[in-house]
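Worksheet for the structure shown next.
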Amino acid sequence: MIELLIKVSYFAAAVLFILGLKRMSSPITARGGIVWAGVGMVLATLITFLTPDMGNYLLMTVAIALGGGVAWWTGKRVAMTDMPQMIALYNGMGGGAAAAIACVELLHQAGKPVMNTEVHILAVIGALIGTIAFSGSLIAFAKLQGWMRGVIRFGGQQFFNLGVFVLTVGIGVMIASSGDYSSTMLIAFFVLALVFGVLMTVPIGGADMPVVISLYNALTGLAVGFEGFVLGNPAMMIAGTVVGAAGTLLTQLMARAMNRPITNVLFSNFGGGGSGDGGEVTGSMKAIEAQDVAVMMAFADKVVIVPGYGMAVAQAQHKIWELGQILQNRGVTVKFAIHPVAGRMPGHMNVLLAEAGVPYDIIFDLDEINSEFATSDVSLVIGANDVVNPQARTNPESPIFGMPILDVDKSRNVVVIKRGQGKGFSGIENALFFEDNTRMLYGDGQKMAAELIAQVKELG
Amino acid sequence: MNEIVQQVTDVSAIGGFVALYIFMLAAFTGYEIIAKVPVILHTPLMSGSNFVHGIVLVGAMVAMGNAHNTLELVIGFIGVFLAAGNAVGGYVVTERMLEMFKSSKKPTDGEAGK
């Protein structure tokens, strides 16, 4: 009877997950979607306590309370700008959990004849993928959080990584092919997989992190799905596989938006200096004062604001929207232009602008806005860099050549709010800053926005 | 040992090929669900799918519940801890992001009305 109840509950949970994800794919029903999925999760978790022949309930409850408590506390406190690394962190935890399940199962079977080869193989594959997703996600988290700066590269790195991977898979095959393995071999397998996850992630630059996080999200899904097959748990099988497939597609969509094939992201040296710098940018950057920018915008017909992640870091989105409203009240047409990879992930910037209260009907994506730059009087670039670099169009040497960009340089005047003269996140020189129609407004995003507001107000 | 026998029979009850069908259908479902998603929802959706694989908690609980010795118990404990973090953290951040999408509707309407 209880067995049937458990089976029905897992089935219901799987249905709720799929319906929830489906609802999350439309803005109108999205909020309800996560609640549906949440109900499924609570149901599945509670019913699992009824599983026959289990023990350790007290410790189990403690573990759930601890893990859930820490995640709840951090999740409620994290700023919207830091969402991507939190997703990376929680995703890594999921991958680690899948690896832990595999580890316990494999420990059970160590030194015993293999009873079911497929199950054994799936356990090993799930363990490998989950462990890589675990350590890789933690490195991605550390990078986005700023705990780990720059990229780590050394000669023959890819061969070294390949060697580690082959060794890991080799031990995995030995474990999977016979029951005759020791705990030492298991430990070596997991340690090598952990190391590989780290090695795979450290050479990847910050700009590519969203694609990497999305990839690890898909990998964790797959690992969970495989462990679901191992445990014979349909809820895990379905939810894990669905996420694995959806995550893979999402990774492709993101990589396409950046015009960077996934293999490039993983195996090339993006922003690593060297020859790909295309450093022959000539001319000089021309500074401008806030007062002059205010005049320029206040008497413009159309102003396009191009926000990037730097704006969010400076927490300037509220001030920028205030500025936008003041300009609107003066009769200026104000539009926001969002690059697909503005922020740290596709859609991240929309979330940040929504937080500041910017209405959707004046936010435009790349395809909609690019033809409009030619007719705009002022383009205000704040905290964006690579996504407005005309070298992506003009310089085949540039590492970002071919990436779709916002054609900001085509507008009559460009004003770039920037903290200093340094290079951006990816370390590529931006030709836009040296254009004749570009002026640089140096300073902190939020301070400069406040300054602009004050100056425009003074114009009456 | 008993549990493993039981788990293994569970899987054979589903059957290798039936499991393959489940895998195939679930993969197509995942692909279809996300194919029509507007870019603005990519981040919340990634977060949402991150939450959904938090179902790993169920498996971690079973693994911990069947632990035979201290080592397995410790690893199981870590697994449950991590899985609970995945599920709860994934829910909280997704919910926070989507909540904002809802509240931003009102200023949108107000602005459009001007």
Side-chain angles (χ1 to χ4, degrees), chain A residues 17 21-22 24-25 30-31 34 38 41 44 48 54 56 60 63-64 66-68 71-72 75 86-87 90-91 93-94 96-98 100-101 103-104 107-108 115-116 119 217 220-221 224 227 231-232 235-236 238-243 245-246 249 345-348 350-351 354-355 357 359-360, chain B residues 4 7-8 10-11 16 19 22-23 26-27 29-31 33-34 37 39-40 42-43 45-50 52-53 55-61 63-65 72 75-95 97-98 100-102 104 107-108 111:
Chain A
F17 288 151
L21 277 174
K22 179 75 198 155
M24 267 186 255
S25 61
R31 178 87 198 283
I34 184 67
M41 190 69 74
T48 303
M54 283 206 327
N56 309 321
M60 202 183 289
I64 293 174
L66 273 179
W72 181 273
M86 292 318 282
I87 298 176
Y90 300 139
N91 175 56
M93 293 175 91
I101 294 171
C103 189
V104 171
L107 278 173
H108 271 327
M115 281 172 293
N116 191 325
V119 170
N217 185 43
T220 304
V224 171
E227 296 311 323
L231 295 176
M236 276 171 74
I238 293 171
T241 311
V242 164
V243 172
L249 179 59
M345 292 181 190
H348 188 202
N350 300 70
V351 173
E355 189 190 18
Y360 274 111
Chain B
I4 301 154
Q7 281 153 13
V8 169
D10 270 2
V11 173
I22 294 177
F23 184 78
T29 308
Y31 198 88
I33 283 174
I34 211 171
V37 173
V39 176
I40 59 161
H42 275 182
T43 296
L45 192 78
M46 183 201 304
S47 181
S49 60
N50 177 40
V52 166
H53 66 54
I55 188 66
V56 70
L57 175 59
V58 166
M61 286 168 71
M64 186 183 176
E72 289 178 15
I75 297 169
F77 186 88
I78 294 170
V80 173
F81 171 84
L82 291 174
N86 181 190
V88 174
Y91 186 86
V92 171
V93 297
T94 311
E95 209 265 344
M97 274 191 267
L98 291 175
M100 243 154 37
F101 271 80
K102 188 160 194 188
S104 69
T108 308
E111 211 60 44

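These figures come from a predicted structure and were not determined experimentally. Hydrogens, waters and symmetry mates play no part in the numbers below; they use all other heavy atoms, side chains included. Letters go in sequence order (proteins before strands), and every chain restarts at 1.
- Using a distance-only test at 3.5 Å, with no hydrogens or angles considered, a donor-acceptor pair links the side chain of A:Y90 to the main chain of A:G75.
- When A:G67, A:C103, A:A71 are compared by the number of non-hydrogen pairs under 4.5 Å with chain B, A:G67 comes out ahead.
- Here the closest heavy-atom approach between residue B:A83 and residue B:V56 is recorded as CB-CG1, 3.6 Å.
- Between chain A and the options B:G79, B:G48, B:A27, B:G30, the largest number of non-hydrogen pairs under 4.5 Å is found for B:G30.
- The residue among A:A100, A:S25, A:A245 with the most heavy atom pairs within less than 4.5 Å of chain B is A:S25.
- Atom CD1 of A:I238 and atom CD1 of B:I22 lie 6.0 Å apart (nearest 0.5 Å).
- Taking A:M60, A:K22, A:E227 one by one and counting their heavy-atom pairs under 4.5 Å with chain B, the maximum is reached by A:M60.
- The closest side-chain heavy-atom distance from A:N217 to A:I87 is not below 4.5 Å.
- Of the listed residues (B:S49, B:G76, B:A63), the one with the most heavy-atom contacts under 4.5 Å to chain A is B:S49.
- Side chain of A:N91 to backbone of B:N50: no donor-acceptor contact under 3.5 angstrom is found.
- In this structure, the portions of B:I75 lying under 4.5 Å from any heavy atom of chain A include both its backbone and its side chain.
- Your options are A:V224, A:I34, A:V104, and the one with the most heavy-atom pairs under 4.5 Å with chain B is A:I34.
- A search for side-chain hydrogen bond (donor to acceptor under 3.5 Å, both in side chains) contacts involving A:T48 returns A:Y10, not counting sequence neighbours.
- Counting heavy-atom pairs closer than 4.5 Å to chain A, the top residue among B:I55, B:V52, B:I33, B:T29 is B:I55.
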